[in-house]
Amino acid sequence: QMKRARWIAGAVVALVVAGGGVAAAAREAPQPARRYVTDDAGRALILHGFNTASSAKSTPDGLPELTEADVEREYQDMGTNFVRFLLQWRAVEPSPGTYDTKYLDKVAERIGWYRKRGYHVMLDMHQDLWGNGITPSKVAGNGAPQWATFMDGLPVATKLPTWEMYYLEPGVIRAFDHFWNTTGEHPELMDRYAKAWKAVADRFKDDPAVIGYDLMNEPWGGSVQAAAFETGPLATLYRRSIAEIRSVDPDSWIFLEPQAVGVNWGLPSALPAFDDPRSGPARIAFAPHLYPLPLDLGDDYTAGSKEWVDRTLGWWRDNILRTAERMKAPIVLGEFGLDMTRPGATDLVERILDVTDETAMGRAYWSRDDGPWGPYDKGKAGPLVEAYARPYPRAVGGVPLRVVYDEKAVKLTITFDANETGATEVYLPGKSFPNGGKASMGEATWDAAKRVLTVKTKTSGRLDLVITPR
Ligand SMILES: CN(C)c1ccc(C(=O)NC[C@H]2N[C@H](CO)[C@@H](O)[C@@H]2O)cc1
């Protein structure tokens, strides 16, 4: 019966998505704008990594279960260069206006493990369902501290068939309504959140590994939804947080997410453009998530439903590009992922990696945790390791136009408009590039320990840099 109910719900939502998709398809398919998150030298970065880690949602200290050896293994196996590192507001600010420097020290220690290996760290103020305090037994929810949780005695079930349904519980809606000031009774909460970001930015503004801040994970508007939410209270929170961050940190990138519901599946976001009060070009990026609806409804990326998934991927791509164009922002796909034991899972990961390559998006897989979704399950490498260990340009000395990896020919082609920002660095996995790689132009240096080929090319003109095995 439950499955039937889910199907009916899914059919309704699929019609909405189809409607959205048809409407979107009726318009000109948008082209990637070739905007990138850049490093201090101005090189375009292709961010390729994981969310680390979901375990942070429930650990008492709000830190992910992670060792430096885990970071080393990830680098050796997959050559990633990026991590979306989960923070918890409850740990940053255990009581109003008091910031836990010991927690931030422990975060800094973990960032150090990534810094040693050349990673870029995006700090994610993570929440799901508001906070751990939405149920007395803490069975669901993470992120917000207890002192910021006001449910006015409204009920929250202690057992629901799926975790997402907690978002509809009266007590959870009320907690969000107070935070967004929809009730008008707690205007201080948004300000506290923005100032918590100021405290984090003040701590990490000079850390060369910290690329920036993902202001809120999968925002949920409570009683206010869709465009009213994204252009209303969500935009207000982002503007206030940007101002607080920029009051101490002029240079880190700021990553803004749309609302999760609908947009994760392919519906358009109404997120507006945001000013960046820094001297120099804006450093504000758009950071959506991608979870194809047919998979959320229990389908696999196989047989008949593969076509549907590909259609929703097309709508998602077009709508994300339209929002990024409105924002004049580069795109980092903050989350995508699935149970890697499902049929077609590896094909879907490879398809999504191709979409991000074609559209200049960074990407962080959900998630690094041990288990059937992750690269390792009970410590054993699964199919995701090979799929994720693909050759890619970590940094490009110019503006990339196309990145195409021809697996059969073992050939990576990077087309870019060269500039004077520096050399291009390419990660080459051991499986297809056992002895490293060679470049079709410029001066190439192979670092066998890091498995990185650094290519000094001309600093002007449109170049087609082709990398093949040495
Ligand atoms: C009803 N709402 C608001 C809702 C429903 C479903 C998701 C979701 O699947 N999210 C995908 C993944 N992202 C989180 C972590 O950010 C994971 O726990 C989810 O699997 C989000 C929100």
Side-chain angles (χ1 to χ4, degrees), residues 9 13 16 57 87-97 124-197 214-244 256-265 267-272 274 287-289:
V13 175
V16 170
K57 298 179 184 182
L87 300 180
Q88 292 276 286
W89 184 19
R90 64 183 164 94
V92 172
E93 191 176 4
S95 59
D124 155 36
M125 196 71 83
H126 200 91
Q127 71 81 30
D128 298 286
L129 304 168
W130 181 248
N132 311 61
I134 60 167
T135 62
S137 47
K138 300 191 186 306
V139 292
N142 71 87
Q146 190 64 46
W147 58 261
T149 304
F150 297 93
M151 298 190 287
D152 302 345
L154 292 176
V156 176
T158 51
K159 193 169 171 43
L160 286 171
T162 63
W163 72 274
E164 302 94 325
M165 291 172 71
Y166 277 98
Y167 272 116
L168 305 177
E169 289 293 284
V172 173
I173 296 266
R174 180 59 56 85
F176 278 101
D177 285 353
H178 280 316
F179 175 72
W180 297 116
N181 203 29
T182 303
T183 62
E185 296 166 19
H186 286 283
E188 80 284 1
L189 292 178
M190 251 201 239
D191 198 48
R192 287 275 182 221
Y193 191 93
K195 285 188 165 56
W197 264 120
D214 181 345
L215 297 192
M216 179 178 271
N217 178 66
E218 300 195 342
W220 168 246
S223 305
V224 181
Q225 289 292 321
F229 170 53
E230 292 183 306
T231 60
L234 183 60
T236 301
L237 176 75
Y238 284 168
R239 291 190 187 102
R240 287 196 196 171
S241 302
I242 290 167
E244 293 291 353
L256 306 180
E257 298 191 30
Q259 76 164 35
V261 164
V263 182
N264 284 10
W265 296 328
L267 282 180
S269 165
L271 208 57
F274 293 83
H289 295 177

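For clarity, every value in this text was computed on a predicted model and none was experimentally measured.
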Before we go on, tell me: are the rings of Trp180 and Phe229 under 6.0 Å apart, centre to centre?
yes

Checking the side chain of [X] only, and the main-chain atoms of [Y] only, is there a donor and an acceptor separated by less than 3.5 Å?
X: Tyr238; Y: Glu257; answer: yes
X: Tyr193; Y: Leu215; answer: yes
X: Asp177; Y: Gly222; answer: no
X: Glu230; Y: Ala270; answer: yes
X: Asp128; Y: Asn142; answer: no
X: Gln259; Y: Val261; answer: yes

Tell me, please, which residues at least two apart from Arg90 pass side chain to side chain contact (heavy atoms under 4.5 Å, CB included).
Gln88, Asn132, Pro145

Listed partners of Ala196 passing side chain to side chain contact (heavy atoms under 4.5 Å, CB included), at least two apart
Trp89, Val92, Glu93, Tyr99

Any [X] side-chain heavy atom under 4.5 Å of [Y] side chain:
X: Arg239; Y: Pro272; result: yes
X: Glu169; Y: Leu129; result: no
X: Leu189; Y: Trp147; result: yes
X: Tyr166; Y: Thr135; result: yes
X: Val224; Y: Leu234; result: no

Between [X] and [Y], what is the shortest heavy-atom contact and its length?
X: Ile134; Y: Ala140; result: CG1-O, 3.3 Å
X: Val263; Y: Pro268; result: CG2-O, 4.0 Å
X: Arg192; Y: Pro96; result: NE-CB, 3.7 Å
X: Ser269; Y: Pro258; result: OG-CB, 3.5 Å
X: Asn217; Y: Asp124; result: CB-OD1, 3.6 Å

Would you please classify the geometry between the Trp130 ring and the Phe179 ring as parallel, tilted or perpendicular, with 30° and 60° separating the classes?
tilted

Once you measure the plane-to-plane angle for Phe150 and His186, does it fall in the parallel (<30°), tilted (30-60°) or perpendicular (>60°) bin?
parallel

Test of understanding: with salt bridge (Lys or Arg N to Asp or Glu O under 4.0 Å), list the residues that count as partners of Lys195, not counting sequence neighbours.
Asp191, Glu244

NE2-CE distance between His178 and Met151, expressed to the nearest 0.5 angstrom
10.0 Å

